[in-house]
Number of protein chains: 2
Amino acid sequence: MTIREVAKHAGVSVATVSAVINDNKYVSDELKHKVLQAIKELNYRPNRWAKSLATGKGYTIAYIVPDITNPIFSRITKGIQGVANEKNYSVILCSTNFDSPTRRRYVDWILEMRVDGVVFTGRHGRESLTEITRLQDAAIPVVTALAPSDVTDMDRVLLDDRESSRLAVRFLKESQCQRIAFVGVRQSTTSKERYRGYSDEIADYCPEQVAYGEDFTWDDGYQAAQQLTKNGALFDGVFAASDIMALGVIACLKEHGRDVPEDVQIMGFDNTYAQWSGQGFASMSIPAFEIGVKAAQMLFDRISEIEIPGMQELFMASLAVPRVRPSLNPNLNLNLKE
Amino acid sequence: MTIREVAKHAGVSVATVSAVINDNKYVSDELKHKVLQAIKELNYRPNRWAKSLATGKGYTIAYIVPDITNPIFSRITKGIQGVANEKNYSVILCSTNFDSPTRRRYVDWILEMRVDGVVFTGRHGRESLTEITRLQDAAIPVVTALAPSDVTDMDRVLLDDRESSRLAVRFLKESQCQRIAFVGVRQSTTSKERYRGYSDEIADYCPEQVAYGEDFTWDDGYQAAQQLTKNGALFDGVFAASDIMALGVIACLKEHGRDVPEDVQIMGFDNTYAQWSGQGFASMSIPAFEIGVKAAQMLFDRISEIEIPGMQELFMASLAVPRVRPSLNPNLNLNLKE
DNA sequence: CTGTTAGCGCTTTCAT
DNA sequence: ATGAAAGCGCTAACAG
């Protein structure tokens with residue numbers, strides 16, 4: 001079903017059909033009606049490929065993300081989708097599973113597909129940088145979301161992990177914790193930032209007590225707590241770099257006969273589990289959806305014009321206190337709304 | 001950068017360039033080398049639009065899903081991506097937020113983009129059916145994943161909710177529960193199936209005790225448990241239609257002074273939270289990743305040929321027992337691996 | 001106002 | 001073994 005057939009069926013020229021489809025030229029009501037009629041009857045749909053080829057506009061953006069399964073990232077995705085769809089763009093999802101070759105192949109595709117722009121989430125680092133550069137060399141706008149990096153002249157939206165962590169620790173302090181420990185991930189930039197916030201806030205309050213795992217997992221949280229306990233550390237509060245780690249910590253502490261939150265209070269980060277686990281620990285809620293929205297907006301700004309170099313947007317995580325009883329404090333979980 | 005420029009640069013014809021790019025015609029080593037050289041030097045990438053227009057192949061599939069934020073769905077997505085990428089297809093993500101107009105607009109797009117095939121997840125129902133039909137009318141293959149429906153001549157992969165639920169309840173029975181209650185969602189087909197499994201299994205074991213919420217949420221679980229308690233129901237086991245509901249149930253029971261799992265054992269479904277919550281309840285793990293893989297494979301089978309009508313694949317959920325201590329039973333969480 | 005027509009970048013006969 | 005040329009379906013001058 002082509003535009004030509006529609007034209008024939010309606011007894012007009014292809015140009016007229018095109019004009020009514022795109023609504024960008026004056027067409028008499030009569031012809032317009034005929035054309036619309038023909039389109040209905042033939043169940044015609046313009047071919048996007050041809051259109052893109054002719055116009056040079058593809059109306060697609062891509063989202064490169066390490067793991068779509070991560071709730072934070074899937075919420076970002078949702079945010080991106082929302083604004084893209086509003087502008088009649090589609091988004092191609094590129095979940096790389098933290099694998100460089102996969103990431104590279106995606107970038108190849110993106111280049112071939114003449115995608116209009118890319119949102120990028122991922123560990124910062126040399127390899128990511130390479131891909132981003134390839135994109136930019138091809139004049140494809142890129143904005144990074146939650147991808148801390150030293151490259152400063154890049155459009156990006158990030159989370160103020162350090163400052164957010166200070167809020168977290170402050171809450172622990174206000175909850176009467178005297179000695180607060182930190183549980184993080186050794187090689188993670190993100191964890192490092194969260195540690196710095198912890199460190200800032202704890203400076204002249206109590207001695208630092210930290211333990212690390214290799215990854216943001218339950219097991220690593222568990223083991224870090226084990227370590228803490230083994231070292232005979234004294235603490236009545238723990239700030240963990242993620243909720244899932246916090247849960248590992250809690251499990252370990254309970255095995256050691258320490259009650260949560262009676263004996264020791266826990267603070268997580270992410271608010272992916274805290275609110276619902278029933279373990280009564282607080283967490284820092286990441287405005288992931290909003291981050292996705294903002295990233296997409298920046299991308300479209302960049303696509304449509306604008307030569308401003310290095311736009312940047314900084315988000316803060318917000319405190320999410322554990323809900324006690326749903327009926328008693330219905331307002332507590334505002335952060336979970338999307 | 002077009003194929004013509006490459007040809008000029010290499011001193012050959014466009015046909016030759018095309019031939020070496022697609023590796024589908026004999027080209028002398030010498031020319032081949034020249035062409036490759038030129039491609040490198042000019043940093044040339046074939047234009048997908050033009051290629052698709054010329055060949056009629058788009059190498060994209062779409063995944064229509066109600067909410068990418070749902071862990072089960074995002075795992076399905078991951079499965080689909082995996083097999084699609086292997087075949088050099090990209091996948092366009094269409095997260096509809098359970099909104100019909102949005103879904104409709106996505107289908108419009110899909111139609112225009114001449115997508116090769118669609119995987120569909122969603123509530124079954126008239127509206128979904130309409131969209132699926134629109135797709136099929138345009139000769140676009142569709143396979144549904146986790147979208148129970150009465151239409152039998154459709155390619156689909158589903159979960160045997162009923163049988164899986166029997167396994168769940170059986171586990172509760174084997175754990176010495178004498179009286180098992182069910183907590184579900186009133187209008188949900190899925191919940192209905194899970195109830196049937198419960199009912200089957202409980203038939204000549206103990207009286208049925210059921211309570212419903214309106215949705216798969218913590219609050220609805222909490223309230224259903226409330227209801228159960230208020231009715232003075234006697235139970236030492238609860239099978240909840242989802243983990244998040246199970247957590248609501250647990251919270252409620254604890255408020256009523258009943259210990260979990262000492263006084264009453266809980267069984268969830270999904271295994272999205274059970275394993276990690278530290279609340280010591282079991283759950284049924286949905287092989288979501290595998291479901292995605294299978295759905296994509298079926299789709300590609302259908303795309304590439306095959307007139308078999310109504311292929312169908314049935315998956316079972318598997319029991320995931322709560323981990324006690326990571327060090328003690330390292331094999332327990334096999335189900336969580338992806 | 002409407003129609004003709006020359007591309008957009010690539011593939012693919014069909015000659016050579 | 002290689003090249004010339006005719007489309008793929010649509011848009012956008014340009015004529016009329």
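Both backbone and side-chain heavy atoms feed into the values below; hydrogens, waters and symmetry mates do not. Numbered from 1 within each chain, the chains take letters A, B, ... in sequence-line order.
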With side chains defined as the heavy atoms from C-beta onward, is the minimum distance between B/Thr77 and B/Ile68 less than 4.5 Å?
yes
Determine, for B/Arg134 against B/Glu131, whether the closest basic-nitrogen to carboxylate-oxygen distance falls under 4.0 angstrom.
yes
Whole-Å gap separating P (C/dG9) and NZ (B/Lys57)
24 Å
Could A/Lys57 and A/Tyr59 be counted as a cation-pi pair, given that NZ or CZ must be under 6.0 Å from the ring centre and within 45° of the axis?
yes
So does A/Thr16 get a side-chain nitrogen or oxygen closer than 4.0 Å to the phosphate oxygens (OP1/OP2) of C/dG3?
yes
The contact string for nucleotides 7-15 of chain D, one letter per nucleotide 5' to 3', using protein heavy atoms under 4.0 Å with B, S and - for base, sugar-phosphate only and none, comes out as -BBBSB---
Take atom CD of A/Glu112 and atom P of C/dG9, then tell me their distance rounded to the nearest Å.
15 Å
Check whether A/Asp116 reaches the backbone of A/Thr60 with its side chain - one donor and one acceptor, N or O, closer than 3.5 Å.
yes
Ring centre gap for A/Phe300 and A/Tyr89 strictly below 6.0 Å:
yes
